[in-house]
Amino acid sequence: MRMIDLIKKKRDGGELSKAEIEFIVQGFTTGEIPDYQMSAFAMAVLFRGMTPVERAHLTLAMAASGDQLDLSSIDGVKVDKHSTGGVGDKTTLVLAPMVASLGVPVAKMSGRGLGHTGGTIDKLESIPGFQVELEEHQFIELVNRNKIAVVGQSGNLTPADKKLYALRDVTATVDSIPLIASSIMSKKIASGADAIVLDVKTGNGAFMKTLDQALELARAMVDIGKLIGRRTMAVISDMNQPLGNAVGNALEVREAIDTLKGQGPADVYELCLTLGSYMVYLGKMAASPEEARSQLEEAIASRKALETFRTFVAAQGGDPTVVDEPGKLPTARFTFDIPAKEDGFVAGIRAEDIGTAAMILGAGRATKDSPIDLAVGLVLHKKIGDRISKGEPLATLHSNREDVEEIRERVYAAYSFKKEPVHRPTLIYETIRE
C-alpha cells in the first residue's frame, strides 16, 4: 500500500476501505506518512468528502491511535455529552450532576479553553482545591460510588486526531465535515462512551455559522454513532448570543450553581433539561425523553441535583461550601457597569465579540500556553428581545485591572438595538435521532 495511491483514489472520488484508512492513520501517527502527504489527503477529503462508512472507519482508527479508556467496570450505560463550543457554555457543570442524580453514570473527560470559548476544566479549577487529574482507577471508583467524575483529557488520547487537527489548522482544511465529525466522535469513543448526546451550536458565536452547516455536522456524527454501535443523538442549539448571562470561569460556576438551585437563566435551564433528558433516556433510566425531563425537573426542585454537585466537588478535593458561599470562588477586584447609550430593544449580541472581550480581560487564552485569570469576565444584564432604557447597565465587567476602555468599547460594539420590539431567538432548532 502506498500513500500516494490512496491520495489519488480519494482525489478522484473513490471510496477507501477500512484497511486503507487504518494504514493512513497508523502511518501518520508514527511519522511514516509525512505532513505534506497527509495535507494533500485532507484537502482531497475537503473537496471529495467521505461516505458514512469511511467516516466510521476513520473515527475508529483515530480512536485506536492512542489510549482508550476502559469503563466496562462501571455499572450502567455510560452516556457522554459533547458541545461544539460557544460563549458562556457551562452546561456540563449543570448537566453532569443533574443526570448523575438520576443514576446515569457520567464519566467525563473535558478540555481546557482556547480562544473565546471557555473550557470546563478551567471552570472547575476555579473551585478551591478541585482536582482535575485523577488516576484511572480513582476516576472509575468515583463514578461507581457517586455516578459522576470529570477529569482533564489524557495526554495520549487520539494522538492521530491531535496531529491531524494541527495540520488542518494551517492548510485551510478545518471546515471538512467528515474530518470534524470523525475528530469529535473519535474522542468520545476513546473516552469509553456507550452512548453520546451532541450539542451542535449554530450562529455568530459558533464554529458552524449557519443552520444548514450545523445540521450537516449533526447528521454526520449521528450516522457515525449508528454505524459503530453507539446510540447517538444531536441537538442543534443557538449561539447567536452567549448562553446564560455569565462569561468567565468562576462567574460561570456561580451561574451553574444558581441553575442547580432552580434560579439560573432560563436558556441555560432549558438547554440542560433538553440535553439531560436525552442522556437519561439513552442511559436507560427513563422510557422516553419526556419521562426523563420530568425526573430532571424533580431533581432540580428537590435539590437532589444540587446535592450531587456538592458530593462531586468534595470527592475531587474541592470545597463543597462554595454551593452555599459562592464568595469563596475567585473574585475580581473591580466591577464596571456598562450603561446603555439609548432606549430601545436589544436586537443582536455578537457572541464571539463578547467572548473576545472576556478573553482580553484574562478569562480565556490567546494561545494554549497563555495564563488564565479565573476571577474575571462579564455578566450580561440584557439579552436579545429585552427592553433597555438609557443609562441601564447592559453588562458588568469583572476585572483585575482598572483600564477596561478597550473591553467596554468591544461590548458596546457587540450589541445592536431597535426601537420596536424584537422576538427572542429560538434556543433549540432541531433534534437529530438515529
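These numbers come from a predicted model, not from an experiment.
The two residues Ala250 and Ala375 have their closest heavy-atom pair at CB-CA, 4.5 Å. The two atoms that bring Thr120 and Val150 nearest to each other are CG2-CG1, 4.4 Å, heavy atoms only. Glu32 and Pro34 get closest at one heavy-atom pair: O-CD, 3.6 Å. Closest approach of Thr308 to Ser101, counting heavy atoms only: OG1-CB, 3.2 Å. Closest heavy-atom contact between Ala195 and Val77: CB-CG1, 4.4 Å. A pairwise comparison of heavy atoms in Ile428 and Thr426 identifies O-CG2, 3.3 Å as the closest pair.
The backbone N or O of Gly14 sits nowhere less than 3.5 Å from a side-chain atom of Asp12 that would complete a donor-acceptor pair. Without hydrogens or angle criteria, Glu54 side chain to Leu16 main chain gives a donor-acceptor distance under 3.5 Å. With hydrogens and angles ignored, the 3.5 Å screen pairs no side-chain donor or acceptor of Glu270 with any backbone N or O of Ala266. Of the possible donor and acceptor atoms, none in the side chain of Lys147 sits under 3.5 Å from a partner among the backbone N and O of Arg145. Between the side chain of Ser416 and the backbone N or O of Gly348 there is at least one donor-acceptor pair closer than 3.5 Å. Side-chain atoms of Arg254 come within 3.5 Å of backbone atoms of Pro326 as a donor-acceptor pair (strictly under, hydrogens ignored). Gln316 contributes a side-chain N or O that, together with a main-chain N or O of Gln131, makes up a donor-acceptor pair within less than 3.5 Å. Of the possible polar contacts, none joining the Lys188 side chain to the Leu198 backbone as a donor-acceptor pair under 3.5 Å is found. Although no hydrogens or angles enter the test, the distance criterion places no donor-acceptor pair under 3.5 Å between the side chain of Lys123 and the main chain of Glu252. Side chain of Ser72 to main chain of Asp70: no donor-acceptor pair is present (N/O by atom type, distance under 3.5 Å, no hydrogens or angles).
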- Might you work through the side chain to side chain donor-acceptor pair (under 3.5 Å) test for Thr356 and Glu352, ending with a clear yes or no? CA-CA 6 Å; Thr356 300; Glu352 190 167 347; 5.3 Å; no

- Task: List the steps, then state whether side chain to side chain contact (heavy atoms under 4.5 Å, CB included) holds for Val106 with Val143.
- Result: CA-CA 7 Å; Val106 179; Val143 180; over 6 Å; no

- Message: Please evaluate residues Arg168 and Ser183 with respect to the criterion side chain to side chain contact (heavy atoms under 4.5 Å, CB included), reporting the C-alpha separation (whole Å), side-chain torsions for both, the decisive distance (0.1 Å), and the verdict.
- Response: CA-CA 11 Å; Arg168 288 165 53 208; Ser183 170; 4.2 Å; yes

- Item | Trace of the salt bridge (Lys or Arg N to Asp or Glu O under 4.0 Å) decision for Arg293 with Glu290 | CA-CA 5 Å; Arg293 183 185 176 98; Glu290 293 74 25; over 6 Å; no

- Could you walk me through whether Val79 and Val197 pass the side chain to side chain contact (heavy atoms under 4.5 Å, CB included) test, one step at a time? CA-CA 7 Å; Val79 186; Val197 174; 4.3 Å; yes

- Message: Please determine whether side chain to side chain contact (heavy atoms under 4.5 Å, CB included) holds for the pair Asp267 and Lys383, giving the CA-CA distance in whole Å, both sets of side-chain angles, and the decisive distance to 0.1 Å.
- Response: CA-CA 11 Å; Asp267 56 349; Lys383 303 282 290 287; 3.0 Å; yes

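Counting only heavy atoms from C-beta outward, the side chains of Ile177 and Met208 approach each other to under 4.5 Å. Looking at heavy atoms from C-beta onward, Val247 lies out of side-chain contact with Leu251 at the 4.5 angstrom threshold. Phe41 places none of its side-chain heavy atoms less than 4.5 Å from the side chain of Gln37. Side-chain contact between Ile224 and Ser182 is present, with heavy atoms from C-beta onward closer than 4.5 Å. With a 4.5 Å cut-off on side-chain heavy atoms, Thr431 and Val235 count as touching. Using a 4.5 Å cut-off on side-chain heavy atoms (C-beta onward), Leu69 and Phe139 make contact. Put simply, the side chain of Phe334 does not reach to within 4.5 Å of the side chain of Asn400, judged on heavy atoms. Within the 4.5 Å cutoff, side-chain heavy atoms of Leu93 are placed close to those of Val253.
Remark: Ile228 CD1 to Leu60 CG distance equals 5.0 Å, nearest 0.5 Å. We find the CG-CE distance between Leu167 and Met43 to be 10.0 Å, quoted to the nearest 0.5 Å. For the atom pair CG of Asn144 and CD1 of Ile74, the computed distance is 5.5 Å after rounding to the nearest 0.5 Å. In this structure, CG on Asp223 lies 9.5 Å from CD1 on Ile432, to the nearest 0.5 angstrom. Atom CD1 of residue Ile121 and atom NZ of residue Lys108 lie 9.0 Å apart, to the nearest 0.5 angstrom. Summarising the geometry, atom CD1 belonging to Ile24 is positioned 6.5 Å from atom CE belonging to Met38; distances are rounded to the nearest 0.5 Å.
Other residues, nucleotides and ligands contribute more than 12 heavy atoms inside 6.0 Å of the NZ atom of Lys163. Heavy atoms from other residues, nucleotides or ligands lying under 6.0 Å from CD of Gln26 number 12 at most. In the displayed structure, His423 atom NE2 is contacted under 6.0 Å by at most 12 heavy atoms of other residues, nucleotides or ligands. Other residues, nucleotides and ligands place no more than 12 heavy atoms under 6.0 Å from the CD atom of Glu133.
Under a 4.0 Å N-O distance rule, the pair Lys10/Glu20 does not qualify as a salt bridge. Taking the charged nitrogens against the carboxylate oxygens, Glu307 and Arg310 do have a contact shorter than 4.0 Å, which makes a salt bridge. With respect to Asp199 and Lys201, a salt bridge is recorded, a charged nitrogen being found less than 4.0 Å from a carboxylate O. In summary, Glu15 and Arg48 do not engage in a salt bridge, as defined by a charged side-chain N under 4.0 Å from a carboxylate O.
Annotation: cation-pi pair Arg231/Tyr281 present, NZ/CZ under 6.0 Å from the ring centroid and within 45° of its normal. Remark: Lys382 is not positioned above the aromatic ring of Tyr415, lacking an NZ or CZ atom under 6.0 angstrom from the ring centre and at most 45 degrees off the axis.
No hydrogens or angles considered: nothing links the side chains of Thr259 and Glu255 as a donor-acceptor pair under 3.5 Å. Between the side chains of Lys81 and Thr92, at least one donor-acceptor pair of N or O atoms lies under 3.5 Å. Between the side chains of Asp212 and Thr210, no donor-acceptor pair of N or O atoms lies under 3.5 Å. Side-chain contact annotation: Asp161 with Ser186, donor-acceptor N/O pair under 3.5 Å absent.
Residue Lys328 forms a side-chain contact (heavy atoms from CB on, under 4.5 Å) with just one option from Val322, Val323, Ile127, and that option is Val322.
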